[in-house]
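For reference, the structure is listed below as structure tokens.
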Amino acid sequence: MSSLLLRNAEVLVTMDAGRREIRGGGLYSEDNRIVAVGPADTLPETADEVIDMAGHVVLPGLVNTHHHMFQTLTRAVPAAQDAELFGWLKALYPIWARLTPEMIRVSTQTAMAELILSGCTTSSDHLYLYPNGCRLDDAIEAADAIGMRFHAARGAMSVGESKGGLPPDAVVEDEAAILAETRRLIERWHDPARLAMRRIVVAPCSPFTVSRELMRDSAALARAYGVGLHTHLAENENDVAYSRERFGMTPAEYAAELGWVGRDVWHAHCVKLDEAGIRLFGRTRTGVAHCPCSNMRLASGIAPVGRMRCEGVGVGLGVDGSASNDGAHMLGEARQALLLARVGFGPAAMTGREALEIATLGGAGVLNRDDIGALAPGMAADVVAFDLRGLETAGALHDPVAALVFCAPQRVAWSVINGRVVVREGHLTTLDTRLLAARHNALAADLVRDEAR
């Protein structure tokens, strides 16, 4: 058994039932589980490793509920810089058709390194293209190596242009093969246990890329195995128009008809979720991944997050694809969530602490987990610490917790995932980020250059 003691924090933000913020607080964990949280005099005095958190805000690891990690290879591609969702996708589909297994592995680690260094300890990823022998296993093995808690979503596209869908026929799959592969992945990789490091999610890409039958069959498959369900929904006006024209109903109505509501379901974006859809999601406890940076980048609009939360909809944060956000900074995403809410709905629309809650507890709830998102005995030892002694927060220590959100986003100083220190004094301990970035850039150049030939 290994033990870890964090002590003497400027503030320890628990996100527990009482939302305690403990000045001078600390945390003691054994192996991968938190044993004690509180003031110094309530904690053990020794451990295998003791870390002084003076000058730091300590909080639960942030939870990313929506990403497309392969898209780190196509950041800022000129052809897709100034388009809305559908035009952006059409510009990038032919490039993504050249993905290789190595590209999946390297892009996954690049995205995860960026997330971890921003304070994220758990991430979902929605991989929905599998050309040239790519498999979800490539991403899972990459996650194991870097040490991130991972919800791997087996995405899929089955309706190409010839059948009225958006993607080219070359990147879609046979539906029977999709279901068989998803079944294999669940049986091979899914861990339902508490504190699990790896879970599999059933995740047809979107209503405009898969059939009604695949959506229904995927829901049945997921519930037979007890795993989560994820897709995109109501992302922009074109998305809603497609649903109304093709299915004769709103995106929320379509989701409900096919069994895509409930605690085991979360939908990405929901920017254009209507009032009836919000109430439906609230009644059924269906979750939403809010992706403010991507929604702004693609001019999709401002999601009604405040209304959702008032109706009981679980809301977490997602950085979304790194070709529609072009970054994956979870603390920065929390800041953008606050700012965008205020642009849309006024200065009281979201507080700094609400933004942090959505980024931690909110994300945990969306992923249907009760073992992450808070610092309390029995919870996973997923803990991050930000150093308040730098320029980013100079002059903001009147409220150190709010400073994390209101001030410029910074790199995490310490990160503990599953009881293991993966960031130490600002440096990732599990891989060499310079070597990773160099290989990633070479692969990205090959991917885009090949498409241009």
Side-chain angles (χ1 to χ4, degrees), residues 4-7 9-44 53 56-65 119-122 149 151 193-196 228 262-264 266 281-290 305-306 308-317 330-331 334 337-338 350-386 399-402 404-405 416-419:
L4 175 67
L5 176 63
L6 308 181
R7 64 183 183 189
E10 179 75 18
V11 183
L12 187 141
V13 181
T14 65
M15 290 295 171
D16 64 9
R19 300 297 189 272
R20 290 182 302 154
E21 295 178 4
I22 306 169
R23 291 272 181 172
L27 175 150
Y28 174 77
S29 67
E30 293 177 349
D31 293 334
N32 62 348
R33 189 186 303 265
I34 297 171
V35 174
V37 176
D41 60 3
T42 67
L43 301 173
M53 289 284 114
H56 294 70
V57 171
V58 176
L59 65 158
L62 309 183
V63 179
N64 178 34
T65 62
C120 184
T121 56
T122 298
R149 199 177 299 277
H151 283 231
R194 201 162 190 276
L195 309 182
R263 288 184 181 275
D264 55 351
W266 84 101
F281 280 23
R283 287 195 306 273
T284 58
R285 294 297 184 261
T286 304
V288 170
H290 176 41
V305 170
M308 292 179 191
R309 281 165 57 84
C310 283
E311 290 292 334
V313 179
V315 178
L317 281 185
M330 271 297 292
L331 188 61
L338 177 144
M350 187 179 295
T351 68
R353 284 169 171 79
E354 286 172 333
L356 287 175
E357 181 175 310
I358 291 170
T360 52
L361 271 181
V366 163
L367 296 184
N368 204 18
R369 296 192 69 144
D370 63 359
D371 55 354
I372 60 174
L375 303 181
M379 301 292 281
D382 289 3
V383 191
V384 295
F386 291 91
D399 187 343
V401 177
L404 288 179
V405 179
V416 177
I417 303 177
N418 208 42

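Just so it is clear, the values below take in all heavy atoms, side chains as well, and ignore hydrogens, waters and symmetry mates. In what follows, residues are counted from 1 in the order of the sequence shown. The structure displayed is predicted, hence computed values, not measured ones.
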N/O donor-acceptor pair under 3.5 Å between [X] side chain and [Y] backbone:
X	Y	result
T65	L317	yes
S29	G419	no
N368	D264	no
T286	W266	no
R194	G378	yes

Decide yes or no for [X] and [Y]: does some side-chain heavy atom of the first lie under 4.5 Å from some side-chain heavy atom of the second?
X	Y	result
L59	L404	yes
H151	R369	yes
L27	V58	no
P39	I22	yes
R23	P400	yes

CA sep, side-chain torsions, deciding dist, call: I34, M379, side chain to side chain contact (heavy atoms under 4.5 Å, CB included): CA-CA 6 Å; I34 297 171; M379 301 292 281; 4.3 Å; yes

Heavy atoms only: give me the nearest [X]-[Y] pair and the separation to one decimal.
X	Y	answer
V313	G282	CG2-N, 3.5 Å
A355	A334	CB-O, 3.6 Å
V37	L12	CG1-CD2, 3.6 Å
A380	R149	CB-NH2, 3.6 Å

Just distance, no hydrogens or angles: give the donor-acceptor pairs under 3.5 Å from side chains in residues 358-367, sequence neighbours left out.
residue : atom : partner : partner atom : Å
T360    : OG1  : L356    : O            : 2.8
T360    : OG1  : E357    : O            : 3.4

How long is the straight-line distance from [atom2] of [Y] back to [atom1] of [X], given to the nearest 0.5 Å?
X	Y	atom1	atom2	value
L375	R20	CG	CZ	9.5 Å
M308	F281	CE	CZ	8.0 Å
D16	E21	CG	CD	10.0 Å
R7	L43	CZ	CG	10.5 Å

Summary of side chain to side chain donor-acceptor pair (under 3.5 Å) pairs that have at least one residue in residues 31-42, sequence neighbours excluded: N32-N418

Set of residues satisfying side chain to side chain contact (heavy atoms under 4.5 Å, CB included) with respect to A40, sequence neighbours excluded: none

Pair R353-D399, side chain to side chain contact (heavy atoms under 4.5 Å, CB included): steps then yes or no: CA-CA 11 Å; R353 284 169 171 79; D399 187 343; 2.9 Å; yes

